[in-house]
Protein chains: 4
Amino acid sequence: MTQNQILSSVKNAELVEIRRNQMIKGAITLFKEKGFHRTTTREIAKESGFSIGTLYEYIRTKEDVLFLVCDAIYEQVHERLEAAIDLENPSVTNLEKVIESYFYLMDEMQEEVVIMYQEVKSLKKDTKEYVLQKERDMVGMLEKVIVTCLPHEISKQDAELMANNIFIQGHMWGFRRWVLQKQFTLKEYIDRQIHYLMESLAIDRTIAKDKEA
Amino acid sequence: MTQNQILSSVKNAELVEIRRNQMIKGAITLFKEKGFHRTTTREIAKESGFSIGTLYEYIRTKEDVLFLVCDAIYEQVHERLEAAIDLENPSVTNLEKVIESYFYLMDEMQEEVVIMYQEVKSLKKDTKEYVLQKERDMVGMLEKVIVTCLPHEISKQDAELMANNIFIQGHMWGFRRWVLQKQFTLKEYIDRQIHYLMESLAIDRTIAKDKEA
Amino acid sequence: MTQNQILSSVKNAELVEIRRNQMIKGAITLFKEKGFHRTTTREIAKESGFSIGTLYEYIRTKEDVLFLVCDAIYEQVHERLEAAIDLENPSVTNLEKVIESYFYLMDEMQEEVVIMYQEVKSLKKDTKEYVLQKERDMVGMLEKVIVTCLPHEISKQDAELMANNIFIQGHMWGFRRWVLQKQFTLKEYIDRQIHYLMESLAIDRTIAKDKEA
Amino acid sequence: MTQNQILSSVKNAELVEIRRNQMIKGAITLFKEKGFHRTTTREIAKESGFSIGTLYEYIRTKEDVLFLVCDAIYEQVHERLEAAIDLENPSVTNLEKVIESYFYLMDEMQEEVVIMYQEVKSLKKDTKEYVLQKERDMVGMLEKVIVTCLPHEISKQDAELMANNIFIQGHMWGFRRWVLQKQFTLKEYIDRQIHYLMESLAIDRTIAKDKEA
DNA sequence: AATGAATGAGACTTCATTCAT
DNA sequence: GATGAATGAAGTCTCATTCAT
């Protein structure tokens, strides 16, 4: 579905998926280590377990690999996030759980997140748009959870701001790890961040409670 | 002072500073556009207004330019931040003012910030350490303001967390501009972020007020 | 066998040998003309009949070419010298024949010898050691012939000295050609050098004859 | 006198000589270490104790430095050799003394000799001719000593051959030092070489003695 | 489909030489 | 006479991409 933006000379769709997944896995390993620009296509091919010739049977340019990687990363975040969200029973507790899940996920995907921060800009306009849209979707999911789970009204704008804040606080755990992970365990980090997020909604909650009353 | 880590064949220190500033200016322009890796040393020389030979009279390698750029950016942030901080008269209002100043600064330096996010990783161990230390210093300044201006006690850990949050919320305005700057004016963004930051300290403030009483 | 010290990205060993031989041939042509330092890698590639990219598929650095050339030259000398030596029937005549063959060989390889004299010093420690060892081997072969073919005893030291003298008298024909080849035909040169070499062993020979008697 | 082939913008002849001697000294130091091609003009200037600009006041091109160096080396050999030769009282002992002196000189000037072997070829036609002529002169001096000191007649050709042999046996001590200087002390080397040289003239000497009788 | 040898544009960097001060 | 900053041609090497097998 999503990978179809990238042309391949190989017709067998199943094979294309297999090879591209090998490629994504190999590329992420390398990008984590040395970044996109310092990684060569030969290295990607080798790490993926096939030859440079074969690599180019499945992509057209090196940038295609970057796109596949970015796409795969967001795809993974999307899946996991979706699985964590349950809008059937909205509640503040529920909101907290989603945020907690998201933070745990970001801990797992620290290095992938760093790749995104560093390399997305290297994508060409079109593919960049596409990847950024996926990112927006993800923030949108958080935003929806906020709006749905809060007991009181919150402006669209404020909801978006909170969603963005949560979003990057998740990333921050990864890309500022050399500072944060010295001072906090993951659990502490999550607890304090959620604590402050909830605090920042306090007054409104009071008002909301008044409304309820 | 800070540039002295990079060797130059030119002896005249004053001239070195002039040329390096030209170089930093030119490089930032180009890095904003196409990033460090896609910018060639020839382009940097040309944009700086001198020949490739002259460029290499003032640096040893291309990476030196990146270091100079990163160093200059943090230097600028440091100066401006320092100027904005007044610890003589600590008060919550004062804290708000510092945060506001910082956000305005981050608006001005959006693209520089993006460069840092994308390219710092390309620095070699030593220079990276140096640059990251400067970053830590900056967060440290925010942390100190928080501790000093809050009317109540706050744990070292929490102060650090808040400082980090503020720090990256400033960056976020720049590197997520395609989202945020569609929904917020700068003033709105600053207002809402400060609003929520203050809220998140609410309970404590109440306690503090109780103490005062 | 000997070329294996130099890494190649190309796996096919047979092809590596073919290309390297092209390269050695091309490089020797150019080194004769302008020396190692004044010859560019592009020129070597062109003279060898392939592109600069291909050149670097078979070597890592320009110095590798020099090593390959030095190695090939000594390899050739070695083979030819070995073929000329017959230790089954040691005799003074036999010794004279070996020396003669060696001088003829040095005549053929004049320019290669000049290359060695001028450029070996440019090799890095390791490869230089390797090449010099090969040279020692060659002198060792001459030394062995001397010891074996002389009818009388000769000290190890003297044998080594004679071998070294013969060795460089062979070279001298090439690197002092602008003097010697004006005054001597090759045959004359060989005759007179052998004459004097034999004379210098005269007394000993007499002693030897006495012994025999 | 000899340096006058090289143009200088500086008029003061005395100064020119001073500066050029500094230059030659500095350059030899560097050429010993890394050869002509790997030494930069900047390094030569620095080692000589003045600036690159000044260097170019006294020469026109880098090759001029090489010429000055080669010229100076032969000049020195020439002077020393001349001092050692005394044709007033020709005798075999006298010949031996000259050869001995020459070998001692070559021991002192080992590295300079290596420079000559490696770099003369880099000189342009004209200057090369000039330097080679000086070399021929030196061999000529040896030749003359041989002819004069030998008690018997020797053909012009043979005298030249012997002179050339002696000439390069002197060099050999330096450029094959890693072999010879392990096996011989300087004294041993000289003794054995002279021994064999004298032996090679043995028969003739006998004849000569007959004549005398 | 898979391979890997071949290609060459283009990157970084050096360094001999000049010339204004 | 001395200086050293400026220049840019030219060198080495890399690597994305192609294509014959």
Side-chain angles (χ1 to χ4, degrees), chain A residues 8-12 15-16 19 37-46 49-65, chain B residues 8-12 15-16 18-19 37-45 49-65, chain C residues 8-12 15-16 18-19 37-45 49-65, chain D residues 8-12 15-16 19 37-46 49-65:
Chain A
S8 163
S9 351
V10 175
K11 299 306 167 200
N12 181 339
L15 189 54
V16 171
R19 290 277 176 274
H37 285 101
R38 294 205 201 281
T39 301
T40 70
T41 50
R42 270 172 161 85
E43 289 170 324
I44 296 171
K46 192 172 181 192
F50 38 72
S51 73
I52 183 66
T54 300
L55 182 77
Y56 274 87
E57 292 288 309
Y58 294 92
I59 52 159
R60 273 219 189 265
T61 71
K62 186 186 175 189
E63 214 212 276
D64 285 352
V65 180
Chain B
S8 164
S9 333
V10 175
K11 303 278 175 72
N12 181 338
L15 189 55
V16 170
I18 294 172
R19 291 280 176 271
H37 286 102
R38 294 205 201 282
T39 302
T40 70
T41 50
R42 268 192 167 70
E43 287 171 326
I44 295 171
F50 35 71
S51 72
I52 184 67
T54 299
L55 181 76
Y56 276 91
E57 290 285 303
Y58 294 92
I59 53 161
R60 291 240 174 262
T61 70
K62 188 187 176 189
E63 214 212 275
D64 284 353
V65 181
Chain C
S8 163
S9 331
V10 175
K11 304 279 176 68
N12 182 339
L15 190 55
V16 170
I18 294 172
R19 291 280 175 273
H37 286 101
R38 294 206 201 282
T39 302
T40 70
T41 51
R42 266 187 171 73
E43 288 170 327
I44 296 171
F50 36 70
S51 71
I52 183 67
T54 299
L55 181 76
Y56 276 92
E57 290 284 303
Y58 293 92
I59 52 161
R60 290 238 176 265
T61 69
K62 188 186 176 190
E63 213 213 275
D64 285 352
V65 181
Chain D
S8 164
S9 350
V10 176
K11 300 304 168 202
N12 180 340
L15 189 53
V16 171
R19 291 278 177 271
H37 285 101
R38 295 203 201 283
T39 301
T40 69
T41 51
R42 270 174 161 84
E43 288 171 325
I44 296 170
K46 193 172 179 192
F50 37 71
S51 73
I52 182 67
T54 300
L55 181 77
Y56 274 87
E57 293 288 310
Y58 295 92
I59 53 160
R60 272 228 183 260
T61 71
K62 187 187 174 188
E63 215 212 274
D64 285 353
V65 180

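Here the structure is a predicted model, which means the values were calculated and not measured. Throughout, protein chains are lettered first and strands after them, A, B, ... in sequence-line order, and every chain is numbered starting at 1.
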Plane angle bin for C:His37 and D:His37 - parallel if under 30°, tilted between 30 and 60°, otherwise perpendicular: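 Rings of D:His37 and C:His37: parallel, as their planes differ by under 30°.
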
Quick one: pull up [atom1] in [X] and [atom2] in [Y] and give me the separation to the nearest 0.5 Å.
| X | Y | atom1 | atom2 | answer |
| --- | --- | --- | --- | --- |
| A:Leu55 | A:Arg42 | CG | CZ | 11.5 Å |
| C:Ile18 | C:Asn12 | CD1 | CG | 7.5 Å |
| C:Ser9 | C:Arg60 | OG | CZ | 5.0 Å |
| D:Ile52 | D:Ile44 | CD1 | CD1 | 8.0 Å |

Expressed in angstrom and rounded to an integer, what is the separation of [X] atom [atom1] from [N] atom [atom2]?
| X | N | atom1 | atom2 | result |
| --- | --- | --- | --- | --- |
| C:Arg42 | F:dC13 | CZ | P | 12 Å |
| D:Lys62 | F:dA9 | NZ | P | 20 Å |
| D:Ile52 | F:dA6 | CD1 | P | 16 Å |
| A:Asn12 | E:dA1 | CG | P | 6 Å |
| B:Leu15 | F:dG4 | CG | C1' | 10 Å |
| C:Glu63 | F:dC13 | CD | P | 10 Å |
| A:Lys46 | E:dG4 | NZ | P | 12 Å |
| D:Ile59 | E:dA16 | CD1 | C1' | 10 Å |

What does [X] touch in the nucleic acid at a heavy-atom separation under 4.0 angstrom: a base, only the sugar-phosphate, or nothing?
| X | value |
| --- | --- |
| A:Lys11 | sugar-phosphate |
| D:Ser8 | nothing |
| D:Thr40 | sugar-phosphate |

Check: F:dG11 base within 3.5 Å donor-acceptor of D:Arg38 side chain: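 Between F:dG11 and D:Arg38, which were checked side chain against base, a qualifying N/O pair under 3.5 Å is absent.
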
Any side-chain N or O of [X] under 4.0 Å from OP1/OP2 of [N]?
| X | N | value |
| --- | --- | --- |
| C:Tyr58 | E:dA6 | yes |
| D:Tyr56 | E:dT17 | yes |
| B:Thr41 | E:dC12 | yes |
| C:Thr54 | E:dA5 | no |
| B:Arg19 | F:dA6 | yes |

Upstream residue (5' side of DNA chain E) when B:Arg60 and C:Gly49 are each assigned their closest nucleotide: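 Counting from the 5' end, the first nearest nucleotide belongs to C:Gly49.
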
Minimum side-chain heavy-atom gap B:Tyr58-B:Leu15 below 4.5 Å: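 Yes, at least one pair of side-chain atoms sits under 4.5 Å.
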
Under a 3.5 Å cut-off for both contacts, is [N] paired Watson-Crick or G-U wobble with anything, and if yes, with which nucleotide?
| N | result |
| --- | --- |
| F:dC13 | E:dG10 |
| E:dA1 | none |
| E:dA20 | F:dT3 |

Nearest-nucleotide pick for B:Val10, side chain only, options being F:dG8, F:dA5, E:dA2: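 Taking heavy atoms from C-beta onward, the closest nucleotide is F:dA5.
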
5'-most by nearest nucleotide on DNA chain F - C:His37 or A:Gly53: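 The answer here is C:His37.
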
